[in-house]
Amino acid sequence: MDKMMSLFEYLGKPAGGDLGKKVYLAARAKNVNHSQREVSTRTYTGMVMLYPESFLGEYFKSEVDKHKAKELQKINLPPIEDSDDKTPF
């Protein structure tokens with residue numbers, strides 16, 4: 001069984017409500033088992049959601065891939081022109 005982790009444990013920093021909601025909705029859409037745990041720290045007291053570590057890895061890899069794709073789309077490269085030059089450069 002996968003280790004259950006909070007977003008804070010996985011990311012090493014607070015995730016915030018917007019990201020927490022996105023992860024929760026993605027977990028529900030994929031029927032991923034999740035649970036809750038009560039925490040009390042200097043800055044937060046309350047319930048946090050726990051997800052399997054493998055799910056969090058897949059989720060954030062997917063988000064990084066989406067971000068990379070968007071960044072690549074922003075790059076405006078000039079069109080490649082045909083030439084008679086046969087150099088490979």
Side-chain angles (χ1 to χ4, degrees):
M1 183 172 150
D2 262 346
K3 177 181 177 183
M4 299 296 280
M5 303 180 77
S6 69
L7 290 174
F8 180 86
E9 291 168 322
Y10 186 81
L11 298 172
K13 61 182 181 179
D18 289 340
L19 179 57
K21 184 175 182 177
K22 289 178 184 177
V23 172
Y24 173 75
L25 293 174
R28 280 195 48 190
K30 292 186 173 200
N31 294 319
V32 171
N33 289 332
H34 54 279
S35 60
Q36 295 182 352
R37 175 175 65 214
E38 188 168 347
V39 297
S40 181
T41 69
R42 184 170 48 88
T43 57
Y44 177 78
T45 298
M47 301 299 284
V48 296
M49 299 300 295
L50 304 175
Y51 305 95
E53 184 175 16
S54 62
F55 165 74
L56 293 174
E58 291 171 18
Y59 178 84
F60 286 105
K61 180 186 181 315
S62 171
E63 290 301 306
V64 167
D65 289 347
K66 287 178 195 174
H67 178 72
K68 285 180 182 177
K70 284 182 184 177
E71 289 301 311
L72 288 174
Q73 289 175 350
K74 291 179 185 176
I75 298 173
N76 292 323
L77 298 176
I80 298 173
E81 297 178 18
D82 290 334
S83 76
D84 293 334
D85 186 6
K86 301 296 183 204
T87 59
F89 311 108

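Note that these values count all heavy atoms, side chains included, but never hydrogens, waters or copies made by symmetry. Count residues from 1 along the sequence.
Residues passing the ring pair (Phe, Tyr, Trp, His ring centres under 6.0 Å) test with F8, sequence neighbours excluded: none. Every residue two or more places apart in sequence or in another chain was checked for a side chain to side chain donor-acceptor pair (under 3.5 Å) with N33, and none qualifies.
Look at E9 and K3 and you find no salt bridge, because none of the NZ, NE, NH1 or NH2 atoms lies under 4.0 Å from a carboxylate O.
Criterion: ILVMFWY side-chain heavy atoms under 4.5 Å apart, direct or through other members. Under it, L19 and V32 are part of a common hydrophobic cluster. L56 and L25 fall within a single hydrophobic cluster, where Ile, Leu, Val, Met, Phe, Trp and Tyr are joined by side-chain heavy atoms under 4.5 Å apart, directly or via other members. Cluster membership check: L11 shares its hydrophobic cluster with M49, using side-chain heavy-atom separations under 4.5 Å among Ile, Leu, Val, Met, Phe, Trp and Tyr. The same ILVMFWY cluster, assembled from side-chain heavy atoms under 4.5 Å apart, contains both Y59 and L7.
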Can you check side-chain contact (heavy atoms from CB on, under 4.5 Å) on F60 and Y10, steps first, answer last?
CA-CA 10 Å; F60 286 105; Y10 186 81; 3.5 Å; yes
One pair to check against side-chain contact (heavy atoms from CB on, under 4.5 Å): V23 and Y51. What are the steps and the verdict?
CA-CA 9 Å; V23 172; Y51 305 95; 3.8 Å; yes
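Atom CZ of residue R37 and atom CE of residue M4 lie 9.5 Å apart, to the nearest 0.5 angstrom. Atom-to-atom distance recorded for S6:OG and Q36:CD is 12.5 Å, nearest 0.5 angstrom.
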